[in-house]
Structure formats: structure tokens, C-alpha cells
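Working notes, structure below.
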2 protein chains.
Amino acid sequence: MRDKAQASGVSFRPHVKTHKTLEIARMQHGGGVGPVTVSTLAEADMLADGGFRDVTYAVPMAPAKLERAAALARRLERLNILLDSEETLRAVESFHAATGIVFDAFLKVDCGYHRAGVDPSDPDSVRLALALAGSNAVRFNGLLTHAGHSYNATTRDDVARIAAEESMSLTRFRALVAGEMGDGLVRSVGSTPTASVVERFADCDEVRPGNYVFYDAFQSTIGSCAPEDVAVSVLTTVVGWYPERGHAIIDAGALALSKDRGPELVEPECGYGFVCDTSLKPVAARLVSISQEHGKLETHAHLPVGTKLRIVPNHSCLTAALFDTYHVIDGGDVIDEWKPVRGW
Amino acid sequence: MRDKAQASGVSFRPHVKTHKTLEIARMQHGGGVGPVTVSTLAEADMLADGGFRDVTYAVPMAPAKLERAAALARRLERLNILLDSEETLRAVESFHAATGIVFDAFLKVDCGYHRAGVDPSDPDSVRLALALAGSNAVRFNGLLTHAGHSYNATTRDDVARIAAEESMSLTRFRALVAGEMGDGLVRSVGSTPTASVVERFADCDEVRPGNYVFYDAFQSTIGSCAPEDVAVSVLTTVVGWYPERGHAIIDAGALALSKDRGPELVEPECGYGFVCDTSLKPVAARLVSISQEHGKLETHAHLPVGTKLRIVPNHSCLTAALFDTYHVIDGGDVIDEWKPVRGW
């Protein structure tokens, strides 16, 4: 992903929310530090402790978190915060009036996911961009969008179409504020499906994929990667085998895997994840339901009690966040343990 | 729940998996210690540290966990383990031959949930019960079942019918092994829906509800409790408000709430939880989707950025396990902090 960004001539600001570790953040930058994206201030704290200097906090800013963000900004060269409303800008301006802090800021733009972000076709959005440009309380660095709706795509062509929209939405919106100050605004895009299917990043200045560090069963189902590309799994043990009923029980449930079924359309295929043996070879079994500490497999395979399995999770971000430790495997041996940061 | 068990003349062995704290385990026993049920050996360790002496580990035993269970059993007066297969019994017998350890054991019986447990109508199940009774490696204490399928019920009448089946399945099965040693076997039942709807526990010797300590949006939807009975919620902040689109974004996502949508039939009603104000009064908003750190509300309510809300979770067991601390509230004040145990 880093090579593709470099070859495309765009900045690489990978997301760390999927793994939440210093070790993998450094791997994302070829062993060093570089610009990163976070989903919690706890991740930003960890990165600041580890020598990272340039962080984008890619969740719309809550006014009550400004004080903590300011403390972080003082430890970093840059902490970009995200705004998409006049109300939040007013809160940032009040905070600036009281403290003198000037935040680096991005405007969140909705490119079709319809979660957060301003509507790029709404004149009010242009007015907000101009207000950001004119405010003493922020350095208005750019426009940020996230094509989360690419997760609902069923084919690589659909994802490619969404990837094009993602970039174009920022280019078009930037043109609306051009003349005033538009050309200086960084266009920041990024979702793992869109970043995975394009050959080259175009029509943008910065990319922020995150899930690609592990991928998962879901990403392989929509074509972001091949099943064998997935780099994380949960080791589990068969604790019940009922061949006459065609099922088995494993000791990995919702607290080990998360209960993310993925979009409806993907559900029938992979259940809650891919069931594999300890060498990650597929086992003829479907993980059809999970409760707190039990997973239920539909299977006619030979799976006596005590059999070890590895589950390639449906959604690696949510699964990884449930554990206190990664066991790092090379050639079947545990060669290291890494600790993800928790909380917010 | 404890009063109902006492009035019914049955033993009370509440589950601690929903809260995972010493403080609430003590509250379940009126301030003292008593028999409890756990879903992880980590919960059992915490309880042993806190003076609890009688614990049932209510997940089918994995042979590889016998050594840890033996260490726990030495610290307790009783650690009941759960078996439902000859394979596991053989593993326990090998372990006994090597170490001399005799485990307290229950046979898991399937009363219709079809997750774990032996089929009570299968003659092989009687043979396994007799093998347990005849084994030197275990003290065969009783039969245990869990009517998890009560969570799929839509009415209190359905739950009541499942509650009756839950108890009767053990009574019938015990009769099949009677004469040999049947009457001495404890019949242990328990799911929060079934334990909540019955007026009196009948046809059983021990009950093991757990979720009732908090209840949740889902339990109130199926009639286990009233919405105002739910004792846990997640405090969150509105970080985006888009009245023109009829939605708002909160900073509680899948890592703060879990992604348990509950059984399909309940989904349309409560989404991922009930949306309330800070006094727990309902807000006209539905939590329709969640991603890692964002929750999306469908709403026409006035919810400016910065508004604090409380989400009554869909499934309190999974939500509570995501946090390192409970903030204990009395009359709006935080009066204490409790730490749940994590991991396995």
C-alpha cells in the first residue's frame, strides 16, 4: 500500500485503528515513523510516546475532547482534527479564545457513505469551508472523506466506481472553494476496499487505508484481497463435537471474535469467519452462530474434542480490539508479543 | 432473583459472566459469597481471590485447560467442570491417572437450544451418565442445561413454555438413569428469560441466571424486564448532527457497544440499543448502524453537537465486556468504579 502511494505520488497516512500497535504502525512506514491516522485519542497518545509526530484524528471532534486534543497537539508537530459543522467550529473558536491554541483541521466531506461529513453539493458546505479558511482558531489543511459504502459493494467493479467517486467528490468540492484558497487544500481519501482495487491513486493528495494491514474474511469476500492474504486469526479449540447433528462447538465466541456479521449479502458465504486448521488450510465447516464464549460450527468434518482451529475473522478491526496481546507467528513459531492500546 | 430461588426452595448459583466483577457477584448473594457460575477460568480466578469457594465453569471443558482447572480446584472447595462427551471423560481420566486429581463434574444436557450438551433422548447419553457415575476421576454431581433458545422467543408465553421444557428435560433424563444413582443428581437450569418469567422455580434443584443483574434492551423487548429495569448504559456524545438528512452521529461505535443486533425479529424495534437522555428518558432516535467508533442515529430530535446521550445496550454482556471500568451511578453521581476481569 505504501509502495502504491509512493508510485502514485500521493502522501501515505495509514490508519492504525485496525491493529492499535506501535510495531505495526512502524511497519506501515517501512520501519520508521510517518504521518498516521487514528480513531481514538488513546491511539494518538501511544503514537506520540513512540515518536510519531503527525497524526490525524479521523472522528468528528467532540467539544468536550478539545482539552485532551490540545495536550496531544503540544506533544506532536501536527494533530489534525476533523470538523463538519459550524457548531464544532464555534466550540473550537471559543476554546481558542480561552487558550490561544490553534488546531490543524480538516473538513469532513460526505462522498456517499452518509455517516458523517458535509454534503459537497450543499452551498452551506462551501460557506463552512470558507469559515474554516477565515478562522484564526484553525489552520485549515484540507478535505477528508471516507468511502465506507465500499463495504457494501459486491464486486471489484462496484468498489472501483466508488473509489472514483470518493476522489472526485473532493476534487469537485475543492473547485467550488477555489479562487478563495482551494488549491492549497489536501484531498485525503481512504478505505481499504477502494485503496485495494485501484492500480494507482489518482485525483487525491493523501490516502488513509487501515484494514489492509490484516485484511479479513469479509475483505477477501468482496475482492480486496485473496483469502490467503489475511494476516490475523484466532486460535481456538473444539470443546464439543456432535457428528450426528452435523455440528461442533469451539471455545471462541463473541468476546473472541466480535459479533460482526458483515453486510447482509456477505453473510451466507462466510458466517462469522473462515474456519481453518492450524496451518490456515480451510476446514469444511461454517461458523454459523456465536454466543458469548461459544462458537457453533456446521460441519461434517472430523473434529474431535481438543482439535485446534484458527478462525480468520469476519472483521479483523473488531476482533483484534478484543485481545490484550498479539502472538506474532513466523513459520509456526511465536516470535514476539505485541500489545494493542485500548480504550479512548 | 435470589429471593425467588429461596422462596422456591432451590439453590441459587448466579452467573457472573455479564458483569465479571467481585462487587456484583457479592450483590448477587446479598453482600456475601455463595455458589456462582463462570464462563471463563479468569472469572473463576478473580472469584477465588475474592473468597468465593464454590464455582461451576459452565463451558464444555477443553482437555488442554485441565491443568489450569486443577490449580483452581485446589484453591476452591469445589470447581464443577462440564462434560458432554466420552472423549472429554477419557481426557479427564488420563489427567486423573497422571495427577490423582478428582474433578467435580456436571453432565451438560441439551434441552432444545442445540448448542452444546447431550441429547437426553439418546441412549448413548444415558451410557455417558453411567460412565460418569462409575468413573474414579470425577464426582458426578448433576445435570446442567441452558435454554439459550429462550432468546429467540417473541412472547412471555413462549418463554414460559421453554422454561417448562428446560426443567422437564433434566427431570426426564434423570429418571432414565434413576435406580443407578439418579436421585442424587442436581438438576441445574438457567437462562435469564426463563428465570425472569416464571413465578416460582419448579422441577429443578439449582438456577443459574446471569444477565438479570443488568438486563438490556433485548431482554426488555422479549418481556424479561421493563425498559426502566435495565441497570447499565453507555454514556456518549453527539459529534455530528444532520437534521436535513434526519440523522446524527455519536462517538460510541462497535468497540463501545458491541455489534450484537440480537435475533432478527427484534432488530427493527430497538436497533443496537435504546437511545436515552442522561436521565434515561427515551429520545426519539433509533441507533440504526454502528461502525468501529461511530454510531448512526435516525432521528428528527434536536441533538446539537455536544449533546450527551446514554445508550441502553442491546446485549449488556457483550457491551460490558468492552470496558475496563464501570462507573457506578447513584442519583446522578459517580459513587464508585468497579473493574471487570478480562480475558480467559
Side-chain angles (χ1 to χ4, degrees), chain A residues 17-18 39-40 58-65 82 84-85 87-88 91 108 110 114-119 122 124 148 151 237-242 244-245 247 249 251 253-256 258-261 289 291-294 296 304-306 308 315 317-318 321-325 342-344, chain B residues 17-18 39-40 58-65 82 84-85 87-88 91 108 110 114-119 122 124 148 151 237-242 244-245 247 249 251 253-256 258-261 289 291-294 296 304-306 308 315 317-318 321-325 342-344:
Chain A
K17 79 183 178 76
T18 300
S39 69
T40 66
V59 174
M61 196 69 209
K65 291 178 191 154
L82 209 59
D84 68 357
S85 71
E87 290 158 301
T88 310
K108 176 81 182 258
D110 177 14
H114 305 322
R115 192 176 61 180
V118 298
D119 177 351
D122 184 340
D124 280 347
Y151 284 72
T237 302
V238 174
V239 295
W241 182 39
Y242 314 93
E244 70 289 356
R245 301 182 215 158
H247 83 247
I249 298 292
D251 64 355
L255 292 192
S258 102
K259 213 156 174 176
D260 197 341
R261 290 185 284 203
S289 70
S291 43
Q292 186 163 346
E293 298 293 352
H294 299 72
K296 181 173 174 176
V305 167
K308 302 267 185 206
H315 187 174
C317 311
L318 300 192
L322 295 169
F323 291 87
D324 290 331
T325 305
R342 287 176 47 76
W344 295 268
Chain B
K17 78 184 179 76
T18 300
S39 68
T40 65
V59 174
M61 195 68 208
K65 291 178 191 156
L82 209 60
D84 67 357
S85 71
E87 290 158 300
T88 310
K108 177 81 183 258
D110 177 15
H114 305 321
R115 191 175 62 179
V118 298
D119 177 352
D122 185 339
D124 280 347
Y151 284 71
T237 303
V238 174
V239 295
W241 182 39
Y242 314 93
E244 69 290 355
R245 300 181 215 160
H247 82 246
I249 299 292
D251 64 354
L255 292 192
S258 102
K259 213 157 175 175
D260 198 342
R261 291 185 283 203
S289 69
S291 43
Q292 186 164 345
E293 297 293 352
H294 299 73
K296 181 173 174 176
V305 167
K308 302 268 185 204
H315 186 175
C317 310
L318 300 192
L322 294 169
F323 290 87
D324 290 331
T325 304
R342 287 177 46 75
W344 294 270

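Quick note: numbers below take in every heavy atom, side chains included, and nothing from hydrogens, waters or symmetry partners. Protein chains get the first letters and strands the later ones, always in sequence-line order, with residue 1 at the start of each.
If you measure heavy-atom distances from A:Asp124 to chain B, you find no contacts under 4.5 Å at all. Heavy-atom distances place both the backbone and the side chain of A:Ala116 under 4.5 Å from chain B. For A:Lys17, the parts sitting under 4.5 Å from any heavy atom of chain B are the backbone and the side chain alike. Proximity to chain A (any heavy atom under 4.5 Å) is restricted, for B:Ala64, to the side chain, taken from C-beta onward. Both the backbone and the side chain of A:Ala256 come within contact range of chain B, each with at least one heavy atom under 4.5 Å from a heavy atom of that chain. Neither the backbone nor the side chain of A:Val238 comes within less than 4.5 Å of any heavy atom of chain B.
For A:His294 against B:Val59, the heavy-atom pair with the smallest separation is CE1-CG2, 3.9 Å. Annotation for A:Val305 and B:Thr88: closest pair CG1-OG1, 3.5 Å, computed over non-hydrogen atoms. Contact detail for A:Arg342 and B:Leu322: the closest heavy-atom pair is NH2-O, 3.4 Å.
Residues passing the side chain to side chain contact (heavy atoms under 4.5 Å, CB included) test with B:Leu318, sequence neighbours excluded: A:Ala254, A:Leu255, A:Lys259, A:Gln292, B:Ser258, B:Asp260, B:His315.
The candidate with the highest count of non-hydrogen atom pairs below 4.5 Å against chain A, out of B:Ser291, B:Ser85, B:Gly240, is B:Ser291. Highest contact tally toward chain A, considering only B:Thr237, B:Asp251, B:Asp324, is held by B:Asp324 [criterion: heavy-atom pairs under 4.5 Å].
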Go through the steps for B:His114 and A:Tyr242 under the test side-chain contact (heavy atoms from CB on, under 4.5 Å), then give the verdict. CA-CA 10 Å; B:His114 305 321; A:Tyr242 314 93; over 6 Å; no

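With respect to A:Asp119 and B:Arg245, no salt bridge is recorded, no charged nitrogen being found less than 4.0 Å from a carboxylate O.
Under the 4.5 Å side-chain criterion, counting only non-hydrogen atoms from C-beta, A:Ser289 is not in contact with B:Arg115.
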